[in-house]
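Letters go in sequence order (proteins before strands), and every chain restarts at 1.
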There are 2 protein chains.
Amino acid sequence: MSLSYESSGVRYDQLDAFKRACQQAARTTAPLLGDHGYSEPATTRGESAYLMEAADHFLAHVEEGLGTKNLVADAVYAETGECFYREIAIDTVATIVNDLITCGARPISVAMHAAVGDSGWFADAKRMNALVAGWAEGCRMAGAVWGGGETPTLRGIVEPDGIVLAGSAVGMIEPKALRITGEVREGDAIIFLASSGVQTNGLTLCRAIAERLPAGYQTPIGHGDGRTYGQALLAPSVIYVAFVRECQRRGLPLNYVAHVTGHGWRKLMRLEEPFVYEITSPREPLALFKFLESAGPIERREMYATFNQGVGFAALVKPADVDAVLAAAQATGYDAWRAGTVRKQGGRKAVEVPSLGLTFEADTLQVR
Amino acid sequence: MSLSYESSGVRYDQLDAFKRACQQAARTTAPLLGDHGYSEPATTRGESAYLMEAADHFLAHVEEGLGTKNLVADAVYAETGECFYREIAIDTVATIVNDLITCGARPISVAMHAAVGDSGWFADAKRMNALVAGWAEGCRMAGAVWGGGETPTLRGIVEPDGIVLAGSAVGMIEPKALRITGEVREGDAIIFLASSGVQTNGLTLCRAIAERLPAGYQTPIGHGDGRTYGQALLAPSVIYVAFVRECQRRGLPLNYVAHVTGHGWRKLMRLEEPFVYEITSPREPLALFKFLESAGPIERREMYATFNQGVGFAALVKPADVDAVLAAAQATGYDAWRAGTVRKQGGRKAVEVPSLGLTFEADTLQVR
């Protein structure tokens, strides 16, 4: 049987009912911003970052979590002694700040939430120090201060060997014109920025695959890549803050950006307005994704609907800005390329990858 | 054997080593604030809220968690069907915003972090809706918008029936003179604000006591209080935001405030500068604390070193402001009274409660 994300046990329907209830109740609190000199921009609910508008700036707030990726690090650590908690900490900071910058906000402060089931978790100095060093490194990559955090022991809630890694960020957009608003037009170019691997999504499925492999995380992934499955999964996420900030510094407008996480490439059609996103230059899949596809096995369509497939961040820009945006990406150390074009087809919303024979219509994505 | 907090399984030493490593690494990231037009005030590390200083305001950021109180709600729900998740949500918001206002910042936005072990947690609509309603209610009490959040399913990290409740807040101090700096002087008055019960600390110990009681959480607490142990424990925390804001609005300087949480009344000596805090009017213990003391049994000294003993928030003000501060508290619905006086005794730091024969010296508190 071919594997899929739903079959690996994550029920989005139950979660989504809760998320909708939260959004509905949260909206009723918006008038409270008035006392502070802020108001809620019409379109911020459901976006990756929550924005508050003042006369001369936007304040941004994000709360995000790593998910279950650290279970992979735990398994690899137990099998080989190789500790990836530096990478896991960078991953956690990345999930937070990559969400924050999607609205154009620069992260100013990042706080850690690390809840353990037993305070003994911290008795392993090597692992504990790796987590601390990685968190500071992630903050430096994001250009943000590490502004405190919370590290409770939650026996009976968190598993005895477990740690819940999450956190929050505060950011700002100033001047307000730097806000990324989603003013996308037909003909806009789609720029892709490379990911380092799965980054932080699809890990539940990745763990299910490890259980099916005789050598588990120690299986070499091949396809010219010398790493094991565990090592490749645990490559730290790319933090895309410097790219957005460099574009802002150079005066290059980003009409929309998407942090490609859960829901894979379907995430490209997050924008409310209907467009067809035609991807003409998908990246040659990384060795890790080729390995996952055959090891699962996972259908090609499911791969692109679940994983980032080598693309961690996407920016929509006007065609005249493509070269300048690619130059800004290169100057800040990112692997970026023009991947496709935004089309208008009436009320249709879809992602199309003709060279792979893939199409995702709007009804395959419910994230707002 | 008499019960204590350490005997209930929380090891502060291991946690503290981690916290110190975090603070040390976090400090190295402070120069990154310069790019954003902020700097780190000298004394903000180790305080309850992280502050960033700009020319005309301070930005504040807090990440906090509920702890294990929801395990009490789970047990009571299983035994009686009475759902306290509205109260639990208010508790979670309270832990976050009560920390934030200790520096004088007004909470603007509060984000939720709710991580479950199984998405089935949300299938119980009564419980789910109580959580959502309570979170919104807590935000309203705090005068803050509910600015989004994160609700992951973390199978294998969070226990199957468990939920980790935490969150973050963004706040601001403007004008900067409203910052609560800790400029305490000998002779300052100590104002206490009432708590509603244990609020959010000492719950691990409370659960250990429930296990020793034949009727568990269904035990009546007596002492003139008609509630069961479970009901009394689950009274929602008081949110002290309106008190601080009203003092600010009336131009009443708060020289220092303390959110009385873990470490009980020892928390009063959080300030770096050595003072002796003499408490001459402790509150008559609530029925719940009398019950806990005898049910444990817990020694009197341990009670005050662990629980808030009916006092959730303390403010240090100059003697001439006492009446005005008490009037501000009353106007915003808080039960407040003058509880004692700040004394100077050379380099000694201590909390003294002569009427109870209790003294806590500085070496009994290590929280910075």
Reported OG1-to-NZ distance for the pair B:T151 and A:K19, which is rounded to 0.5 angstrom: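 The OG1 atom of B:T151 sits 4.5 Å away from the NZ atom of A:K19.
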Could you tell me which portion of [X] (side chain, backbone, both or neither) has an atom closer than 4.5 angstrom to a non-hydrogen atom of chain B?
| X | result |
| --- | --- |
| A:R207 | side chain |
| A:E174 | neither |
| A:D74 | neither |
| A:A49 | neither |
| A:L66 | neither |
| A:A144 | backbone |
| A:V116 | neither |

Interchain contact, B:A169 with chain A, by part (heavy-atom threshold 4.5 Å):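 The backbone, not the side chain.
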Counting C-beta onward and ignoring hydrogens, is there a side-chain heavy-atom pair between [X] and [Y] closer than 4.5 Å?
| X | Y | answer |
| --- | --- | --- |
| B:Y50 | A:V145 | yes |
| B:L154 | A:L71 | no |
| A:I157 | B:I163 | no |
| B:E150 | A:V62 | no |
| B:Y38 | A:M172 | yes |
| A:S119 | B:F18 | no |
| B:E64 | A:H113 | no |
| B:P160 | A:E159 | yes |

Taking [options] one by one, which has the highest count of heavy-atom pairs under 4.5 Å against chain B?
| options | answer |
| --- | --- |
| A:D118, A:N129, A:L59 | A:L59 |
| A:G162, A:G143, A:G37 | A:G143 |
| A:R245, A:Q24, A:R27, A:E40 | A:R245 |
| A:M52, A:R140, A:R106 | A:R106 |

Heavy-atom closest contact (B:A21 atom, A:V132 atom, distance):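 Shortest heavy-atom separation between B:A21 and A:V132 comes out as O-CG1, 3.4 Å.
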Smallest separation among heavy atoms of A:M112 and B:C22, with atom names: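 The answer is SD-SG, 4.2 Å.
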Polar side-chain atom of A:T29 near backbone of B:A136 as donor-acceptor pair, under 3.5 Å: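 It does not hold such a pair.
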A:S109: which of B:H36, B:H61, B:E63 passes side-chain hydrogen bond (donor to acceptor under 3.5 Å, both in side chains):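 So the option named by the test is B:H61.
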Quick check for you: among [options], which has the greatest number of heavy-atom pairs under 4.5 Å with chain A?
| options | result |
| --- | --- |
| B:G117, B:A123, B:G167 | B:G167 |
| B:G120, B:A166, B:G149, B:G156 | B:G156 |
| B:L33, B:I108, B:T68 | B:I108 |

